[in-house]
Asker: 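This is the structure I have questions about; it appears just below.
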Amino acid sequence: MASEHPTPAPKQQQPVITAFKLVIYEQENFQGRCHELTAACNQLQEAGVEKVGSILVHCGPWVGYEQAGCKGEQFVFEKGEYPRWDSWTNSRRSENLGSFRPIKVDSQEHKIVLYENPSFAGKKIEIIDDDVPSFHAHGYQEKVSSVRVQCGCWVGYQYPGYRGYQYLFEKGEYKECSEYGAQLPQIQSVRRIRDLQWHQRGTNGLKVRVNRVQQRPKTGHSLCKECFFWAFEEEVHQTIISARLFSPGETVGIGASGGKDSTVLAHVMKVLNERYNYGLTLLLLSVDEGITGYRDDSLETVKRNQQQYELPLTIVSYEELYGWTMDAIVKQVGLKNNCTFCGVFRRQALDRGAMMLNVDKICTGHNADDVAETVLMNVLRGDIARLRRCTAISTASEGEGVVPRCKPLKYAYEKEIVLYAYFKKLDYFSTECVYSPNAYRGHARAFLKDLEAVRPSAIIDVIHSGENLSVREGVRMPVQGSCSRCGYISSQALCKACVLLEGLNRGLPRLGIGKHHRLHGKILAKEPLTKEEERKLKAVDF
Amino acid sequence: MAAPITLHLEFGGGAELLFEGVKDHQVTLPSQSQPWDMKQLLVWIRANMLKERPELFVQGDTVRPGILVLINDADWELMGELTYELQDRDTVVFISTLHGG
């Protein structure tokens, strides 16, 4: 039964001093049936809650558990709004919530001691009335096996910057990590739970992360930046580990354009490869599209990166692969659709470069904003096949001639990438491509930035939507084959690059724009086109 | 009367292209009856510094979405954004995130 005020919780709890109140909505964004809790609830399901879509905490704090009976992963809820599951967890492991209980904050003072070994032994870190976003910055390592809370309530996090699994610490003693609900004795940041503290909206932007750090002026900026770097790198590491992007011994080509994303990617990959012994051989791979005033300058940046990061660099050019530079292509096709040529050629050029170098995988600097833009573009174009695969973090080997690709920065916000590059003083190139102002992507990008200004989680939300779309059975999908001219993967008789190239060479640039599959047979047989067909495919000037 | 204040302004990530490609600027805001805040600074930049296409930098009374603002190296969202009251010798950084890579 849908009701306004079902209060299903057992009432045998101690008398509640503060009027705890939490409202569960079954849908995201505070929609759907709602259920109000004013005391602990051991079994949400028995209380009639079918699912938890969003949560509003009127008076807290509360702790939610993944399973019934206060078991499983823990999530701390302070006063505020939680419109979606990933606003209360960033471990992203589980969206389940099975039980809830209020947290009694008994003291305005806070004191906690964390110990390296079980039974309060080994190295320790003592914290009094303070939040610590990174133990690392305090010279303490991440191992925490036992904990003693002398006063106040605390929440410990698996990773720096208040990220990863959360562990609630109330007054008392925790002799080993299983007593605080952890499988691994790993905690890298801890903060106080303060009664009635307003929980800021949008917990997954940098805003909150920096905010908490910035409240510690006595430690100055070095800690702030240090923590941010550490948190950013750890997050990429988590993405790499949880999606099993690489295996030891592999050679990985980093697609390097000299821009912020690939520069940050190259830097972080090098740092993580060393920090966590991935055992990878890294190298830089760049494509020279032949764009005067843009790529020639950015390649200079890549050449400097090569020296700064001590990674070998290989450059493949459109001119040597296709016989055409982008400058020459734009001269023929104009400023409309030129990005199509560039995109198709670049993808293939990277693969060809990768094969020349014998790499096992290519990683690219696509960030969360890029992925979200692509989702929007594919929706707007009705491109179901691409929509379905564009959120994938890696492509499986698609057959001969195609090297698997992955996006380690898939969940990194562009904003954080820019900040990382800025604070690390990374050398990157930031001029807009001289030929791109008319690209369709620009509109999707501007739209997404407007959305982000209203609601910072919009970017992750769009990715989330993309990841969860499923295509109805029976929808015809293109079948992947290979190009009968060059052997590259293609769902048509000729791959897009060969068709575009054929168009350029015959002076019919529109051949590869839009759908002209019917003509592939003629092209392969080297038959001439009719006058009517040629007329349609000539460059159109406006 | 608030005394004139000197600020260090920095433009990066492509935003400098709107300021003749110059990244670092030392500016002095004249004395006025009210203390200077970020909102007034944006108006002043638009009137005194922007060389071309102002809509690529300011929209309405704030910066264009996608431009990051740091006040003394902290995200301006933490400092009150437009209402932040500028102090003498503050450093304000504008970084565009919109340029491709």
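Letters go in sequence order (proteins before strands), and every chain restarts at 1.
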Asker: Are A/Ile417 and B/Thr97 close enough that some pair of their side-chain heavy atoms sits under 4.5 Å apart?
Answerer: no

Asker: Where do B/Asp73 and A/Phe423 come nearest, in terms of heavy atoms and distance?
Answerer: O-CZ, 3.4 Å

Asker: Kindly write out the residues that satisfy ring pair (Phe, Tyr, Trp, His ring centres under 6.0 Å) with A/Tyr318, not counting sequence neighbours, or none if the list is empty.
Answerer: A/Tyr322, A/Phe345

Asker: If you count heavy atoms of other groups shown closer than 6.0 angstrom to CD of B/Glu20, is the number above 12?
Answerer: no

Asker: Which residues in residues 60-69 of chain B have any heavy atom lying under 4.5 Å from a heavy atom of chain A?
Answerer: B/Pro65, B/Gly66, B/Leu68

